[in-house]
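Everything on this sheet refers to the single structure shown next.
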Amino acid sequence: MSVAIVGAGLTGLACAAELGADVRVEVLDRIPVTGGVHGWGATETRTLTARAVAAGAVLHLGVTATRWEEGELVGVGPEGVVRCAADALVIAGGCRPRTRAELGLAGPRPAGVVPAPAACHLAENGLPAGRRVCVIGGGDWAHRAAHELLAAGSDVTVVAPDGLHREMPERAATREDVVPTGVEGGLRVTALVAGEERIACDAVVLAHGLVPLRNVDGAVWEAPGVVFAQPIADPMTTTAAREAGVRAAADVRALLAARAAA
Amino acid sequence: MRARYDIVIIGGGVVGCAIARRLSFTTASVALLEAAHDVGEGASKGNTGIATCGADCTPGTLEAELVTRSSPGWEALCASLDTPWRRMGTLAVAISEEEEQGLAHVLDQARENGCAAELISGEAARALEPLVTPDARAAVHIPADGIIDSLRLTIGYAELAARNGVDVRTSTPVTGAVVRDGRIEAVETPHGRIETGFVVNAAGLGAAAISARAGGDEFRMWPRQGQYWLLDRELGRRFGKIVGGVPTHVTRGIYCVPTTNTSLLLGPTAVDGDLPGSRAVDAETLESVLAAAQRLVPSVRRELAIKTFASNRPASDPVYRVASDGSVPNLIHAAGIRSTGVSSSPATAERIHDLLAAAGAPVQDENPSAVSALEPVPRLLGHADPEALLRRDPRYGQVVCACEQVTAAEIAAACAMRLPPRSLDALRKRTRATGGRCQGSVCLAGVSFLFSVHAGLRPGEIAVSEPGATLGVGA
C-alpha cells in the first residue's frame, strides 16, 4: 500500500510520520522546504520533518502536484516529473484568505487590491502594496500583513468584518465589525467601501476568511481515495495543524482497510 | 519606427488586430495604433468567448454574412495562431412554455443563416449535456458554435502581424487627424505625427470620435455593459456544451460558457450606459446573472466563483459599419461591431482588405517573407506528456502559478514575444498566470518577480495594467 501527501506543512508531516512505518509514503511540496505557513525554522517543523523521514517517508520538495488520476499523483519539479502510484491521496495544502470574488467586493478593478500572502512576500522584499493600506481580516494573515506593511513604512488600518481574532500590531489602526462591500478607484484603488462609508486608501490587502487551497486537478472536490486535511482555524496553532495530520492518517488507514476488505 | 505608412489601423482590439494580420500578408506598410498598453484591452478581453457560427444572427444582415463566412475557418486559423478553440455546440434551452414557443424562431433563424440546428426534447438536451436543468422542456442544438480564447486570438493576430512587419504601437492614442482636401494625410499621437495613405477605423467604443476627428461619417456609439462571473475549472471541465436560454429581440441572454481552459463563464448582462463606460460590478446585477445561470444549470454555485468582472461592448446605431466613409475616401470603418466581433473577425478583416483595394491602397501584392503561422508554445496544464515538455525545456518543471499550472517556460515564452507583456494583466492574458481560483494568492509575488526579471523592471515599476497602475509603491 502507498500514500501520496500534498503539502509538507505540519499537517502533511504529521500524517507522514504516522503512516510512514506501515505504508510507502511520498510527500510533495511546491516550495523546497518543509513547514508550510509555520516556516522551516519552527521547532515543530524540525521535529516532525525528522519523524516523517525516520518513519521512511520520501520527501519531494520543490515539486508541484498537478493532477490525480486513477491512483497516480503527477508532480512537476525542476528535477523532472514525479509520478507517485498511490492507493490514497492526502491533500494537506493549507488555506488561503478569500479572493475578491469570494468576499463579494463590488466596483471596478483598480491596481492595489492584493491577496495577503502576496502582499506579505512583496512587503518583506521592500515593495509595500501601498502607503495607506486597508487590510481586510482579523486573524493570522491580517496580523502578518499589518506587521510586514508597518515594517515597510506603510500606514495600516485593519478592517475586521467579524472582529479581531488576535491582537494586531500596536501601530495598526483597527476597525472592528465593518463589512467591506466594494472598492473605488481608477488606475489605482482610492477607497475601500463599507456600505455608506468610504475608507480612503491606496491599497487593499485581502486577508479575511480562510479557504482550503486546492490546486491538484482531480482532487479539488471530493474524489475516491482522497482525504482532505486542511483545518480551518484562525489563528492556526501548531497543535491544530499537527492534530489534523494525525486525524488524516486515521482516515487513510480506514480508507485503505475498506479497500483491502473490498 | 517610421513616420509614414501606407495604412494606419486605429484600434488594437480583435477587429483591428485581425485586419493587421490580413494586411501583413501584403506588401503595404502598416501600423497598428492602440491607445492602451496592450492589444485586446476593451471588449476583446471581456466577452463570453463564444465564436458563434452565426445561427443567432439576424438573417440578411452584414453581421450574419461575416459571421457565417468566418465560421468554417476557425480550426485552421486557431491552429495557426496558437489559440485554444473547440467547436462544442450550443444548447438554447427552453424552460417555460413561452420560451418553448420561442424555439421555433431560433430554429428558423439558424436555418435561414445556413447553420445546422435541431429542435430536441428536454430529455435529449440532458442526454447531450447532463448539467442542464431537469426542468428543460425542449432545446435547439446548434452544433457548429465554438468556444475560443479571445485574448489569445487577439494577441495571436497582432503577434503574427508584427512578425510580418506590421508596427504594433501600444500606448499610442490617436489625438487628432490632419485632413487636407477631404483626405486624411496624417494622424496625431502623443509620440508624434504619423503620415498615412489610408486609415482603418477599428477603434471600438472610440470609433465615432475617430470618425469625427477626421471629418468623416457621424454616428452614435455608446457602451453596453456586461457583467460576468468566472467559475472554477472543476465545474467548467464537466461541460460538453455551451448552455444558453432562448434569445429575445432585446438580448441573447445569459449563457453558461465553458472556457478553453475549462473554467466556466456566466454572462453577460446588457445595460446601455454613457461613454467612456464603467467596468464596475455591482452585487445586484451579479445576483441576477447567477440566478439566470442557475435556472439553466442548477449545479452553478456562488462558492465556485473565481472572479467577477465587467466590460463594455461598442453599441452603435447602426451596427456593423464595415464600409468606406461617406465623405473621406481614404477612411475605412470597421466599427459598431457590437457583440460578435470575435466571431466575425476573420471575414471582417478580409472585407476591409477588399475595401482598401477598391479605394486604391497598395494591398494587391503578396508579402513574400510573410509567415502564416506562429510557433505554438505548449502549456503544461492538461498536457498528455509532461516528461516531453521538460526534455524540451527544463523550465517546464518550475510551476509558478499552481492553480493554472503555468510554468517558468511559458512565462519566458510570453516575455520573448514580439508583443511582450508590459503588465501583469498582459502576462495573464498570454499565460493565465495569476488567473486561477486563488487569484494570485499563492503565486503573485513569484510571477511578479519572474516578470520583472524578463522585462528588466525594478520591483516598483511593475505595473498591474496601464503604466502608473503599479503593483506596489517603492523603488
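First the proteins, then the strands, lettered A, B, ... as listed; each starts at 1.
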Contact winner vs chain A - [options], heavy-atom pairs under 4.5 Å:
| options | value |
| --- | --- |
| B:Cys403, B:Cys438, B:Gly460, B:Gly446 | B:Cys438 |
| B:Gly382, B:Cys443, B:Ser465, B:Pro386 | B:Pro386 |
| B:Ile306, B:Asp282, B:Val442 | B:Val442 |
| B:Gly474, B:Ala445, B:Gly468 | B:Ala445 |
| B:Arg237, B:Lys307, B:Glu303 | B:Lys307 |

Would you mind checking which part of [X] comes under 4.5 Å of any heavy atom in chain B, side chain (CB onward), backbone (N, CA, C, O), both or neither?
| X | value |
| --- | --- |
| A:Thr66 | both |
| A:Leu206 | neither |
| A:Arg131 | both |

Check whether any side-chain N or O of B:Arg279 sits under 3.5 Å from a backbone N or O of A:Arg109 as a donor-acceptor pair, and report yes or no.
no
[X] vs [Y] side-chain heavy atoms within contact, under 4.5 Å:
| X | Y | value |
| --- | --- | --- |
| A:Arg83 | B:Glu387 | yes |
| A:Pro115 | B:Leu444 | yes |
| B:Leu389 | A:Val81 | no |
| A:Pro97 | B:Ser441 | yes |

Please classify the contact of [X] with chain A as side chain, backbone, both or neither, using a heavy-atom distance under 4.5 Å.
| X | result |
| --- | --- |
| B:Ala402 | both |
| B:Gln405 | side chain |
| B:Val464 | side chain |
| B:Arg233 | side chain |
| B:Leu471 | both |
| B:Arg302 | neither |
| B:Tyr396 | backbone |
| B:Leu235 | both |

Can you tell which of [options] has the highest number of heavy-atom pairs within less than 4.5 Å of chain B?
| options | result |
| --- | --- |
| A:Leu127, A:Val114, A:Thr64 | A:Leu127 |
| A:Ala101, A:Gly75, A:Ala65, A:Gly104 | A:Ala101 |
| A:Gly107, A:Ala111, A:Ala116, A:Cys120 | A:Gly107 |

Is it true that, when you exclude [X] itself, more than 12 heavy atoms of the residues, nucleotides or ligands shown sit nearer than 6.0 Å to its [atom1]?
| X | atom1 | answer |
| --- | --- | --- |
| A:Trp40 | CH2 | no |
| A:His147 | NE2 | no |
| A:Glu79 | CD | no |
| B:Asp274 | CG | no |
| A:Arg198 | CZ | yes |

Qualifying residues under side chain to side chain contact (heavy atoms under 4.5 Å, CB included), relative to B:Val271, sequence neighbours excluded
none
Grab the two heavy atoms, one from [X] and one from [Y], that are nearest each other, plus how far apart they are.
| X | Y | answer |
| --- | --- | --- |
| A:Arg30 | B:Val400 | NH2-O, 3.0 Å |
| A:Arg67 | B:Leu380 | NH1-O, 4.3 Å |
| A:Val76 | B:Leu390 | CG1-CD1, 4.0 Å |
| A:Ala118 | B:Gly440 | CB-O, 3.9 Å |

Can you check side-chain contact (heavy atoms from CB on, under 4.5 Å) on B:Thr470 and A:Arg188, steps first, answer last?
CA-CA 8 Å; B:Thr470 53; A:Arg188 184 164 204 88; 3.6 Å; yes
